[in-house]
Amino acid sequence: PPSLHAEELSMTDFVLGTVCTVRLMEGGSKATLDEAFSRLRTIEDRMSANRDDSDISQVNVMAGKKPVKVSEDTFYVISKALEYARLTNGAFDPSVGPLVKLWNIGSGDEKVPPTEKIMAAKALVDWRQIVLDTTTRTVFLKKPGMALDLGAIAKGYAADEIEKILLNHKVKSAVIDLGGNVFVFGSKKDKSSWRIGIQNPESERGEYLGIVSAGQMTVVTSGVYERYFIENGKRYHHIMSTQTGFPVDNDLISVSIVSKSSIDADALSTALFVLGIEKGMEFLKQFPDTYAIFIDKDHNVYLSPGAGKVFTLQDKSYRYAEKCYC
Ligand code: ADP
Ligand code: MG
């Protein structure tokens with residue numbers, strides 16, 4: 001059950017596959033928190049790939065058979081995901097479901113699947129085979145066996161939806177933390193900047209390698225350190241290359257995005273991770289007021305243009321890369 005910490009008006013619960021906390025710092029009430037968490041559960045009920053009755057599961061079951069009508073929430077998130085698929089030429093692809101299911105990273109008894117199975121799953125990943133009909137609000141996956149997975153974007157959408165609730169409830173200051181996707185809302189009582197830590201990918205949770213400091217914003221990180229397994233000394237994590245069918249293997253350990261929009265930050269953190277530093281930096285140019293911080297396995301830190309205005313490196317074992325994109 002959700003736990004309510006009355007003294008500071010915050011609530012924590014396990015939703016969307018992760019620990020979510022909303023902390024009200026000025027304005028709002030318990031009703032605000034109740035509404036926020038009920039919204040989170042609705043989004044999970046609609047978009048989870050692991051619940052039989054979710055929109056996503058129903059679309060997946062009907063793959064190759066017929067279109068399925070979905071909620072407005074789900075339709076919007078799929079449309080957004082498709083936009084990113086188009087823009088990244090499929091590096092970001094919400095039809096990655098068959099690969100996610102096959103690898104099953106985070107389940108506890110993972111091993112590298114047989115090559116034939118990887119190839120078969122990869123052949124089913126193709127965003128061009130997703131058909132959206134705006135008039136009927138239906139989603140159709142053209143090939144049997146195809147499957148949607150919104151794991152790379154749903155949490156971002158959820159944070160933006162909580163933002164709307166906070167606005168409605170006239171909250172002045174709050175922190176939303178959806179499993180490390182952080183959204184700081186409004187301004188702090190003392191008017192100082194918000195500070196969001198970027199986790200050190202190689203140490204315990206809560207140790208920061210740097211700090212992002214700004215006004216209202218969201219910081220979303222995609223990394224290899226949250227969900228992975230190791231086989232024969234090699235790390236297999238949960239961000240998939242739709243090209244190879246294997247986890248992306250490009251020396252990156254994390255990509256953090258700073259933005260005003262959490263759905264974009266979430267999609268971008270995954271997309272830029274897949275694209276890598278060079279293509280990712282180029283791609284980001286079309287998003288104004290959005291910054292990226294890439295970390296590679298040799299502890300180099302790469303900042304996108306302008307990111308230096310908000311990011312400060314703190315951990316001495318990391319350094320700015322020689323090549324500068326700023
Ligand atoms: P997290 O969920 O850990 O915060 P991400 O936002 O980066 O991290 O999302 C990773 C999830 O996105 C995976 O668990 C999977 O569900 C999905 N995914 C994996 N590879 C891709 C990809 N190439 N395109 C779109 N979604 C992906
Ligand atoms: Mg993401």
Side-chain angles (χ1 to χ4, degrees), residues 15-20 43-44 47-50 54 56-57 60 77-78 80-107 110 118 121-122 124-127 130 146-160 176-183 198-199 201 205 218-229 236-250 252-259 261-276 279-280 283 290 292 294-295:
V15 206
L16 294 165
T18 190
V19 178
C20 298
I43 292 170
E44 169 167 24
M47 296 184 208
S48 168
N50 309 315
S54 70
I56 293 304
S57 295
N60 293 348
V77 175
I78 297 173
K80 266 290 212 182
L82 269 181
E83 213 175 291
Y84 277 96
R86 198 172 303 116
L87 290 170
T88 61
N89 227 334
F92 182 98
D93 191 329
S95 72
V96 71
L99 283 173
V100 174
K101 278 189 245 170
L102 176 66
W103 283 87
N104 206 9
I105 310 263
S107 65
E110 309 96 332
I118 295 175
K122 181 169 84 88
L124 291 165
V125 179
D126 183 2
W127 60 276
I130 305 172
M146 280 181 76
L148 295 176
D149 181 302
L150 299 179
I153 190 168
K155 269 187 285 170
Y157 175 71
D160 290 337
I176 306 163
D177 182 343
L178 310 183
N181 285 25
V182 180
F183 191 121
I198 298 218
Q199 212 218 306
R205 281 214 120 179
T218 179
V219 177
V220 177
T221 300
S222 284
V224 301
Y225 52 88
E226 292 270 292
R227 288 195 283 138
Y228 64 89
F229 68 96
Y236 298 90
H237 58 85
H238 72 314
I239 303 172
M240 295 292 146
S241 163
T242 52
Q243 295 284 316
T244 65
F246 282 74
V248 173
D249 192 3
N250 62 5
L252 285 176
I253 51 179
S254 77
V255 178
S256 300
I257 304 289
V258 183
S259 165
S261 150
S262 197
I263 191 168
D264 291 300
D266 198 2
L268 281 170
S269 68
T270 310
L272 265 56
F273 193 100
V274 182
L275 291 172
K279 285 188 189 161
F283 184 73
T290 306
F294 292 78
I295 315 286

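Only a predicted model underlies this, so the values are computations on that prediction, with no experimental measurement involved. Atoms within each ligand, like the ligands themselves, are counted from 1 in listed order.
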Handout entry: Intermediate values then yes/no, side-chain contact (heavy atoms from CB on, under 4.5 Å), Ile130 and Met146
Key = CA-CA 9 Å; Ile130 305 172; Met146 280 181 76; 4.2 Å; yes
Problem - Phe273 vs Asn250, side-chain contact (heavy atoms from CB on, under 4.5 Å): CA-CA, chis, key distance, verdict - result: CA-CA 9 Å; Phe273 193 100; Asn250 62 5; 4.2 Å; yes
Practice task
In sequence, state the C-alpha distance, the side-chain angles, and the governing distance for Thr270 and Ile239, and then conclude on side-chain contact (heavy atoms from CB on, under 4.5 Å).
Solution key: CA-CA 7 Å; Thr270 310; Ile239 303 172; 4.1 Å; yes
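At the shortest separation from atom 20 (N) of ligand 1 among protein heavy atoms lies Met240 N, 2.9 Å. For atom 13 (C) of ligand 1, the closest non-hydrogen atom on the protein side is His238 O, 3.4 Å. Protein heavy atom in closest approach to atom 26 (N) of ligand 1: Ala152 CB, 3.4 Å. Regarding atom 7 (O) of ligand 1, its nearest protein heavy-atom neighbour is Ser222 OG, 2.5 Å. Ranking the protein heavy atoms by distance from atom 24 (N) of ligand 1 puts Asp93 N, 3.0 Å first.
Contact detail for Gly156 and Asn181: the closest heavy-atom pair is N-ND2, 4.1 Å. A pairwise comparison of heavy atoms in Gly245 and Ile118 identifies O-CG2, 3.4 Å as the closest pair.
Ligand-side atoms of ligand 1 in range of Arg227: 14 (O), range being under 4.0 angstrom from any heavy atom. The Asp266 neighbourhood of ligand 1 comprises atoms 6 (O), with distances under 4.0 Å to a heavy atom of that residue. Interface of Asp149 with ligand 1, defined as ligand atoms under 4.0 Å from a residue heavy atom, comprises 15 (C), 16 (O), 17 (C). Contact atoms of ligand 1 toward Thr270: 5 (P), 6 (O), 7 (O), 9 (O) (distance under 4.0 Å to a heavy atom of the residue).
With a 4.0 Å cut-off on non-hydrogen atoms, Glu226 does not touch ligand 1 at all. If you look at Val96 next to ligand 1, the close heavy atoms, those under 4.0 Å, all belong to the side chain.
Tyr84 and Asp264 form a side-chain donor-acceptor contact under 3.5 Å, judged by distance and modelled atom types alone.
Taken from CD1 in Ile78 to CG in Leu148, the straight-line distance is 5.0 Å, to the nearest 0.5 Å. The structure places CG of Leu16 at 11.5 Å from OH of Tyr157, a figure rounded to the nearest 0.5 Å.
A donor-acceptor contact shorter than 3.5 Å links the side chain of Ser95 to the backbone of Asp126.
Qualifying ring-ring contact (aromatic ring centres under 6.0 Å, His included) partners for Tyr236, counting only residues two or more places apart in sequence or in other chains: Trp103, Phe229. Remark: Lys122 engages no residue in a salt bridge (charged side-chain N to carboxylate O under 4.0 Å, His left out) (not counting sequence neighbours). For Thr242, the side-chain hydrogen bond (donor to acceptor under 3.5 Å, both in side chains) criterion is met by no residue, not counting sequence neighbours.
Note: no N/O pair closer than 3.5 Å links Val274 and ligand 1 by distance alone. No N or O atom of Ser269 sits closer than 3.5 Å to an N or O atom of ligand 1. Close N/O approach between Lys155 and ligand 1 is found [any backbone or side-chain N/O within under 3.5 Å].
Within the protein, the N, O or S atoms sitting under 2.8 Å from the Mg ion (ligand 2) are Ala152 O, Asp266 O, Asp266 OD1, Thr270 OG1.
At a 4.0 Å cut-off, at least one heavy atom of Ala91 sits close enough to ligand 1 to count as contact.
Within a 6.0 Å sphere centred on CD of Glu83, other residues, nucleotides and ligands contribute more than 12 heavy atoms.
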